[in-house]
S.K.: 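Just passing along the structure, written as structure tokens.
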Amino acid sequence: MDDELWALIEPLLPPWPERSPGPRPVSDRRCLQGVLFVLYNDIAWQLLPLELGFGSGQTCWRRLDRWQKAGVFDQLHRVLLAELNAAGKLDWSRACVDGSHIRAKKGGSDTGPSPVDRRKTGSKHHLICDGRGTPLKVITTAANVNDVTQTLALVDGIPPVAGRPGRPRRRPVALLGDKGYDSNPNRDTPRKRRIMPVISQKGRPRILPSSPQST
């Protein structure tokens, strides 16, 4: 793992008790490398090779679960957004909303019958990203939840992004969405927040908007 990336992540990880029972746990850095290996190679946790020195797949999964419950990845997301914002690499002139379906064979709280996969159990990722495709907020729901219901939650879920002089920013100039987001609330509410809605309307041809100027 890159030392620069680890330097951002390490301060966010919850500490281990000084006198924890049992054998000394695998280091956080090693476990994180194991997590990244599993995700990058799209393999099952139990197939993580022990000879790599990252610990077992179960150990890495438990550490990932611990970090998730501690809010590590939400904090890391804010840190990385601030880094990008400071470098001028976030495009606040527009934000785009969309959703994607994923299978969830083992079920869970955020699952439901998928309308695009023969009603098999699945989830949906609802995403809002900046004009360059950088994710600003992700919400996971059951696969049968309509996109239109999550639009305002995505807009309100954009965290305050620091990195530049003045107050942290969390509002784009314009909000873009396809016909799946067509509703009066999804137009009226953004306008009240000084965000220009550019959402395709059902039954009308799609019109590409001109690029709004960033403020």
S.K.: Can you give me the closest heavy-atom contact between Cys31 and Cys60, atom names plus distance?
M.R.: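 For Cys31 and Cys60, the tightest heavy-atom pair comes out as O-SG, 3.7 Å.
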S.K.: Could you walk me through whether Arg103 and Lys120 pass side chain to side chain contact (heavy atoms under 4.5 Å, CB included), step by step?
M.R.: CA-CA 8 Å; Arg103 285 190 177 184; Lys120 292 182 179 179; 3.7 Å; yes
S.K.: Determine yes or no for a side-chain-to-main-chain donor-acceptor pair under 3.5 angstrom, with Asn146 supplying the side chain and Thr149 the backbone.
M.R.: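 Checking the backbone N and O of Thr149 against the side chain of Asn146, no donor-acceptor pair under 3.5 Å is found.
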S.K.: Look at the side chain of His77 and the backbone N and O of Pro135, then say whether any donor-acceptor pair between them is shorter than 3.5 Å.
M.R.: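 Yes: the side chain of His77 pairs with the backbone of Pro135.
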S.K.: Whether the side chain of Thr189 engages the backbone of Pro185 through a donor-acceptor N/O pair (distance < 3.5 Å, no angle test) should be reported.
M.R.: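 Checked: pair present.
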S.K.: State plainly whether one hydrophobic cluster holds both Val148 and Val97, where clusters connect Ile, Leu, Val, Met, Phe, Trp and Tyr through side-chain heavy atoms under 4.5 angstrom apart.
M.R.: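 No; tracing contacts between hydrophobic side chains, which count when under 4.5 Å, never links both residues.
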S.K.: Is a side-chain N or O of Asn85 found less than 3.5 angstrom from the main chain of Ala162, in a donor-acceptor match?
M.R.: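 Checked: pair present.
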S.K.: Strictly distance-based, threshold 3.5 Å: is any side-chain N or O of Asn41 a donor or acceptor partner for the main-chain N or O of Ile43?
M.R.: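 No, Asn41 side chain to Ile43 backbone: no donor-acceptor pair under 3.5 Å.
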S.K.: Taking the six-membered ring of Trp45, is NZ or CZ of Arg62 closer than 6.0 Å to its centre and within 45° of its axis?
M.R.: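 Here Arg62 fails the 6.0 Å and 45° test against Trp45.
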S.K.: Can you confirm whether Glu4 is buried at CD, in the sense that more than 12 heavy atoms of other residues, nucleotides or ligands lie under 6.0 Å from that atom?
M.R.: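 At most 12 heavy atoms, drawn from other residues, nucleotides or ligands, come within 6.0 Å of this atom.
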S.K.: The criterion is side-chain contact (heavy atoms from CB on, under 4.5 Å); which residues satisfy it with Arg187, sequence neighbours excluded?
M.R.: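 For Arg187 the side-chain contact (heavy atoms from CB on, under 4.5 Å) partners, ignoring immediate neighbours, are Asp182, Arg191, Pro197, Ile199, Gln201.
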S.K.: For a quick test of reading the model, state the closest non-hydrogen atom pair linking His126 to Val145 and the distance between them.
M.R.: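 His126 and Val145 have their closest heavy atoms at CE1-O, 3.9 Å.
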S.K.: Examine Phe54 and Val26 and state if one hydrophobic cluster contains both, with Ile, Leu, Val, Met, Phe, Trp and Tyr joined whenever side-chain heavy atoms are less than 4.5 Å apart.
M.R.: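 No, Phe54 does not connect to Val26 through the hydrophobic network.
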S.K.: Donor-acceptor pair, Tyr181 side chain versus Leu176 backbone, under 3.5 Å?
M.R.: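 A pair under 3.5 Å: no.
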S.K.: State, yes or no, whether a side-chain contact exists between Ser114 and Asn144 at a heavy-atom distance under 4.5 Å.
M.R.: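 They are not in contact (no side-chain heavy atoms under 4.5 Å apart), so the answer is no.
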S.K.: Grab the two heavy atoms, one from Trp16 and one from Asp28, that are nearest each other, plus how far apart they are.
M.R.: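 Closest approach of Trp16 to Asp28, heavy atoms only: NE1-OD1, 3.5 Å.
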S.K.: Mind checking whether Leu39 and Leu5 sit in one hydrophobic cluster, side chains of I, L, V, M, F, W, Y counted as touching below 4.5 Å?
M.R.: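 Hydrophobic grouping puts Leu39 with Leu5.
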S.K.: Could you verify whether a donor N or O on one side chain and an acceptor N or O on the other, from Asn186 and Thr151, lie under 3.5 Å apart?
M.R.: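 Thr151 and Asn186 do have a side-chain donor-acceptor pair below 3.5 Å.
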S.K.: Please work out which of the three classes, parallel, tilted or perpendicular, describes the rings of Phe73 and Trp67, given edges at 30° and 60°.
M.R.: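 Trp67 vs Phe73 ring planes: perpendicular.
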